[in-house]
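This report concerns only the one structure given below.
Hydrogens, waters and symmetry mates play no part in the numbers below; they use all other heavy atoms, side chains included. Chain A is the first sequence line, chain B the second, and so forth, proteins listed ahead of strands; every chain is numbered from 1.
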Amino acid sequence: MGIRFILMVNKQGQTRLAQYYEYLNLEERRALEGEIVRKCLARNEQQCSFVEHRTYKIVYRRYASLFFLVGVDNGENELAILEFIHLLVETMDRHFGNVCELDIMFHLEKAHFMLEEMVMNGCIVETSKANILAPIQLMDKAS
Amino acid sequence: MNPFSSGTRLRDMIRAIRACKTAAEERAVVRKECAAIRASVSENDHDYRHRNLAKLMFIHMLGYPTHFGQMECLKLIAAAGFPEKRIGYLGLMLLLDERQEVLMLVTNSLKQDLNHNNQYIVGLALCALGNICSAEMARDLAPEVERLMQFRDPNIRKKAALCSIRIIRKVPDLAENFMHPATNLLKEKHHGVLITGVQLCTEICKVSVEALEHFRKKCTEVLVKVLKDVVNSPYAPEYDIAGITDPFLHIRLLRLLRVLGQGDADASDCMNDILAQVATKTESNKNAGNAILYECVETIMSIEDTSGLRVLAINILGRFLSNRDNNIRYVALNMLMKAITVDAQAVQRHRATILECVKDSDASIRKRALELIYVLVNDSNVKPLAKELIDYLEVSDPEFKGDLTAKICSIVEKFSPEKIWYIDQMLKVLSEAGNFVKDEVWHALIVVISNASDLHGYTVRSLYRAFQASVEQECLVRVAVWCIGEYGEMLVNNVGMLDIEEPITVTESDAVDVIEIAIKRHTSDLTTRAMALIALLKLSCRFPSCSERIRDIIVQCKGSLVLELQQRSIEFNSIIGKHQNIRSVLVERMPVLDEATYNGRRAGSMPATVSMSSGASLNLPNGVAKPPAAPLVDLLDLSSDDTPAPSSSGGDFLHDLLGVDLSVGSSLSGMTQVPKAGTDVLLDLLSIGTPPPAQSSLSTPDILSSSQDNKMPAPTLERLSSPSSISIQASSPAGAAPMMDLLDGFAPNLPLPEDNGPVYPSIVAFESSALRLTFNFSKTPANPQTTLVQASFTNLSPNIFTDFIFQAAVPKFLQLHLDSASGNTLPASGNGSITQNLRVTNSLHGKKPLVMRIRIAYKMNNKDVLEEGQINNFPRDL
């Protein structure tokens with residue numbers, strides 16, 4: 001399966017984007033997000049980027065005020081996920097130009113479209129930034 | 001109109017939510033917005049539909065319910081324009097899930113869009129299908145997806161490949177249809193298609209053994225070539241990460257090779273060279289390179305032995321482990337865990353480094369390292385490793401202590417070379433982290449101590465010293481209290497002194513001090529106090545000089561708010577005061593607890609979860625005295641009449657001796673090897689007040705043994721117990737006299753068909769292909785209205801039935817009483833039956849015949865089966 005969810009959370013622990021690749025109901029999601037955010041945000045820069053929580057392994061990385069948290073299976077390559085987070089951020093950077101929390105908040109649907117081009121059902125679809133952004137740019141042009 | 005640029009109101013809403021200072025304000029804003037959206041939905045407002053949905057997605061992300069927007073998604077998907085569909089599909093993926101019935105409605109739209117002539121719309125539909133499709137949708141739409149894997153545009157092919165993964169997961173039978181299209185994808189050049197194709201192949205291998213064989217034969221070489229091309233490819237700016245071309249593709253390829261190579265020497269051989277190349281040539285100064293190395297090592301460890309490669313892999317892990325980057329160290333530990341099954345010796349070489357990681361400041365690394373150390377321990381290194389870990393226990397974080405303690409205890413138990421070492425280590429752990437030690441661990445310690453007869457003196461003295469140093473460790477206090485209660489005189493007289501010990505002088509009064517501290521300590525819980533109370537009773541006999549002081553302490557517990565302690569203190573007080581003649585035998589030392597039985601029970605039962613329940617069971621060894629049992633039995637001449645002891649008898653006894661409050665869990669630690677006679681005697685001695693009519697009880701052993709209870713009052717006890725039975729007898733539900741009445745009351749219920757009036761023929765009340773139910777009838781002549789029915793069920797099928805439940809219902813003029821069934825499992829093919837007694841009282845006896853509706857539920861092959869029927873063929877005169 002690989003990726004089970006992707007979260008973007010700000011320094012205050014508010015969710016800015018949440019994409020789940022397995023079904024969790026509203027209460028479960030809120031509880032999970034709360035627990036993970038508490039666990040990850042309490043860690044310092046020197047500590048490693050992996051946290052084990054319930055049956056998930058959380059790979060997280062901080063960019064300025066925004067945390068990117070990816071929940072994966074135990075068999076997943078943690079370092080590759082870390083690299084994937086960076087690819088995601090670079091892709092968003094290319095589109096938004098130095099992406100920040102507000103870009104994602106106010107363009108939530110676009111952030112999701114990008115994610116859709118990169119991950120589907122927990123698997124990686126595409127790793128070329130140009131290919132990921134092509135449909136989104138096309139749509140922007142059309143409107 | 002573009003739904004996103006025109007969404008000023010969406011921006012407004014987000015701004016309003018951002019401006020909220022408190023959660024309550026946020027809720028208010030969201031509530032207002034939701035109300036507006038609902039209104040708009042019910043007016044079927046087209047213009048704002050997409051904007052509403054965009055808002056709903058934001059609200060959903062914040063964690064508020066948005067189910068009312070689900071239908072809007074479907075409407076947008078059904079719209080013609082791309083922007084509407086775009087947001088509709090996004091909403092579908094975020095707001096809905098495969099369990100909802102609404103999803104059924106979208107199947108048709110999906111099908112149309114999969115065949116759309118606009119490839120972006122096809123892409124949208126594929127993506128949605130890949131994320132949320134259910135098993136039914138998978139079956140319906142699989143042909144479309146299969147076709148799209150040959151679509152001209154690679155962006156569609158890659159999505160179709162991933163969509164197939166979802167379909168195969170939902171319906172594994174379809175895997176074979178996708179085998180050949182997946183094979184073709186591996187020949188592509190487009191990275192997106194390759195990476196998805198590789199993932200699809202991996203998934204197919206997981207569900208189908210045939211496919212795995214197919215890929216092994218046909219694709220191993222292809223994949224090796226693809227990997228070689230990627231590894232050696234010139235600079236490709238679009239896919240380059242830190243000088244490596246598409247590390248993600250590297251990793252997926254290595255993963256599929258691992259699946260193919262596992263358990264297949266030829267395939268493993270085929271990938272040997274490329275793995276060696278990846279392992280030696282990949283740059284390890286950047287994360288991307290390390291990710292590849294990490295995956296490569298895992299593949300090398302999993303495929304069939306090619307020893308040269310394994311050395312490479314272990315060396316890479318060694319480098320990882322000494323890396324300064326915590327991420328790299330973490331994955332190294334993770335990987336070593338897997339490597340240990342392959343090459344334990346190589347992992348052992350890194351033991352010192354791993355041990356350092358246990359002491360890391362990072363909780364994730366500590367956890368991994370501790371688990372690794374745990375599997376690294378063997379007979380030869382247990383002593384130094386345990387010492388290191390126990391030393392670290394002193395300085396570790398409080399939140400890590402629980403894990404660490406559990407692992408240390410487990411290591412020490414499993415590998416201890418000798419008992420004295422085990423006891424020493426456990427005492428150290430108890431002194432450092434006694435509050436984290438699990439109940440079964442200190443229970444086991446007590447069993448071991450009890451068995452090590454030459455170490456009793458040493459242990460009790462060590463415990464005494466440890467107690468002086470750390471009074472606050474609950475489990476240490478319990479073990480110390482138990483040992484002092486048992487071996488107190490060894491403590492005082494320095495019996496069994498070992499060479500290594502320093503002599504200590506402990507007076508009887510010092511020993512009693514320990515127990516007194518334990519019982520009066522504010523943090524002591526009920527278990528500890530109960531144990532201390534019993535220890536006091538024992539010491540009262542062993543230390544005659546302190547007897548009065550002990551009695552004072554016991555008497556103080558009379559005022560305890562805990563009923564259990566109160567009652568015991570009263571009982572013990574009267575034993576000390578009034579029963580000097582039996583006291584010494586009553587409180588003799590515990591028999592040696594049987595380790596094998598204890599371990600067997602422990603392995604069989606779940607670990608105790610509630611400390612109270614298992615705490616109670618531990619009181620058992622303190623309270624029960626086996627040696628006294630035999631003399632008492634002789635004394636009372638009871639043994640021949642005694643009823644066979646069910647294995648749980650110790651529990652019953654415990655209830656009475658130590659308290660009904662302390663519910664005895666299933667994990668009753670099996671420490672009781674006490675003959676039933678002893679417990680019964682004690683039981684009667686301590687709890688049963690009223691002397692029973694002795695002769696009658698002795699003459700009815702059969703009835704007694706067939707009833708649930710088997711408490712055998714003894715004639716001689718009358719004399720023994722009557723003086724102490726003043727207050728307890730009234731409240732004691734197990735009083736012997738009421739017991740006898742109860743037994744009398746039971747008698748008519750026992751099936752005694754021979755003197756039961758007219759005989760009725762049995763009937764087959766119900767029969768299906770799998771099950772037959774027969775009824776046997778009997779009546780008591782005194783009560784013609786009431787019929788006793790014995791139902792017996794026979795399984796006619798070749799499968800065993802489990803969770804068998806029989807239910808019956810009768811009309812108002814009948815009264816039905818169902819006894820419990822003889823079991824809930826029905827063996828196959830008539831090899832046994834379940835019987836259940838029913839009592840039917842017919843208020844219109846002689847006017848109307850019996851009639852009954854029945855329902856039988858059971859599980860066959862783990863499937864629930866329900867059978868129902870009506871029984872009209874009762875004999876007429878019932």
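B:N131 contributes atom CG, which lies 12.5 Å from atom CD of A:E22 (distance to the nearest 0.5 angstrom). Atoms NZ and CG, on B:K55 and A:L108 in that order, are 14.0 Å from each other to the nearest 0.5 Å. With rounding to the nearest 0.5 Å, the separation of CD in A:E78 from CG in B:N287 is 11.0 Å. Here A:L79 contributes atom CG and B:I251 contributes atom CD1; the two are 8.0 Å apart, rounded to the nearest 0.5 Å. Between A:T127 atom OG1 and B:L194 atom CG the span is 10.0 Å, to the nearest 0.5 Å. Once rounded to the nearest 0.5 Å, the distance linking OH of B:Y239 with NZ of A:K129 reads 11.0 Å.
When each of A:E90, A:R43, A:Q46 is checked for heavy-atom pairs under 4.5 Å with chain B, A:R43 comes out on top. Taking B:Y64, B:F58, B:Y330 one by one and counting their heavy-atom pairs under 4.5 Å with chain A, the maximum is reached by B:Y330. Each of B:L94, B:T202, B:T196, B:D246 has some count of heavy-atom pairs under 4.5 Å with chain A, and the biggest count is that of B:L94. Chain A forms the most heavy-atom pairs under 4.5 Å with one residue out of B:H191, B:R252, B:M57, and that residue is B:R252.
Checked against ring pair (Phe, Tyr, Trp, His ring centres under 6.0 Å), A:H107 has the following partners two or more places apart in sequence or in another chain: A:F96. By the ring pair (Phe, Tyr, Trp, His ring centres under 6.0 Å) test, B:H60 is found to be paired with no residue, residues two or more places apart in sequence or in another chain being considered.
You'll find the side chain of A:E116 reaches within 4.5 Å of the side chain of B:L90, heavy atoms only. The shortest side-chain heavy-atom distance between A:N131 and B:H190 falls under the 4.5 Å cut-off. Two residues are said to be in side-chain contact when any heavy atoms from C-beta on lie closer than 4.5 Å; B:L162 and A:N121 fail this criterion.
Residues A:V125 and B:I195 come closest through the heavy atom pair O-CG2, 3.7 Å. Contact record, A:F106 with B:R15: CZ-CG, 3.9 Å, taken as the closest heavy-atom pair. The nearest pair of heavy atoms linking A:R30 to B:G63 is NH1-O, 2.8 Å. Across A:E83 and B:A288, no two heavy atoms sit closer than the pair OE1-N, 3.3 Å. Shown here for A:M120 and B:L126, the closest heavy-atom pair between the two residues is CE-O, 3.5 Å.
Only the side chain of B:N334 comes within less than 4.5 Å of a heavy atom of chain A; its backbone N, CA, C and O stay farther away. Only the side chain of A:L87 comes within less than 4.5 Å of a heavy atom of chain B; its backbone N, CA, C and O stay farther away. Heavy-atom distances place no part of B:R329 under 4.5 Å from chain A, backbone and side chain included. In this structure, the portions of B:P65 lying under 4.5 Å from any heavy atom of chain A include both its backbone and its side chain. Heavy atoms closer than 4.5 Å to chain A are found nowhere in B:Y89, neither backbone nor side chain. The contact between B:E238 and chain A is made by backbone and side chain atoms together, counting heavy-atom distances below 4.5 Å. Using a 4.5 Å cut-off between heavy atoms, A:I124 touches chain B through backbone and side chain atoms alike. In this structure, no portion of B:D325 lies under 4.5 Å from any heavy atom of chain A. Proximity to chain A is limited to the side chain of B:Y120, based on heavy atoms less than 4.5 angstrom apart. Using a 4.5 Å cut-off between heavy atoms, A:F84 contacts chain B through both its backbone and its side chain.
Using a 4.0 Å cut-off between charged nitrogen and carboxylate oxygen, B:E399 and A:K39 do not count as a salt-bridge pair.
Between A:N77 and B:E298, the side chains place no donor N or O within less than 3.5 Å of an acceptor N or O (distance only, hydrogens not considered).
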Practice prompt. Show your working on side chain to side chain contact (heavy atoms under 4.5 Å, CB included) between B:R255 and A:E76 and close with a plain yes or no.
Written response: CA-CA 10 Å; B:R255 182 158 291 197; A:E76 195 53 51; 3.5 Å; yes
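Within a 6.0 Å sphere centred on NZ of B:K338, heavy atoms belonging to other residues, nucleotides or ligands number more than 12.
Contacts classified as salt bridge (charged side-chain N to carboxylate O under 4.0 Å, His left out) and involving residues 117-126 of chain A (residues at least two apart or in different chains) are given here: A:E117-B:K159, A:E126-B:K158.
Against chain B, the residues from residues 47-63 of chain A that qualify, each with a non-hydrogen atom under 4.5 angstrom away, are A:Q47, A:C48, A:S49, A:F50, A:V51, A:E52, A:K57 in number order.
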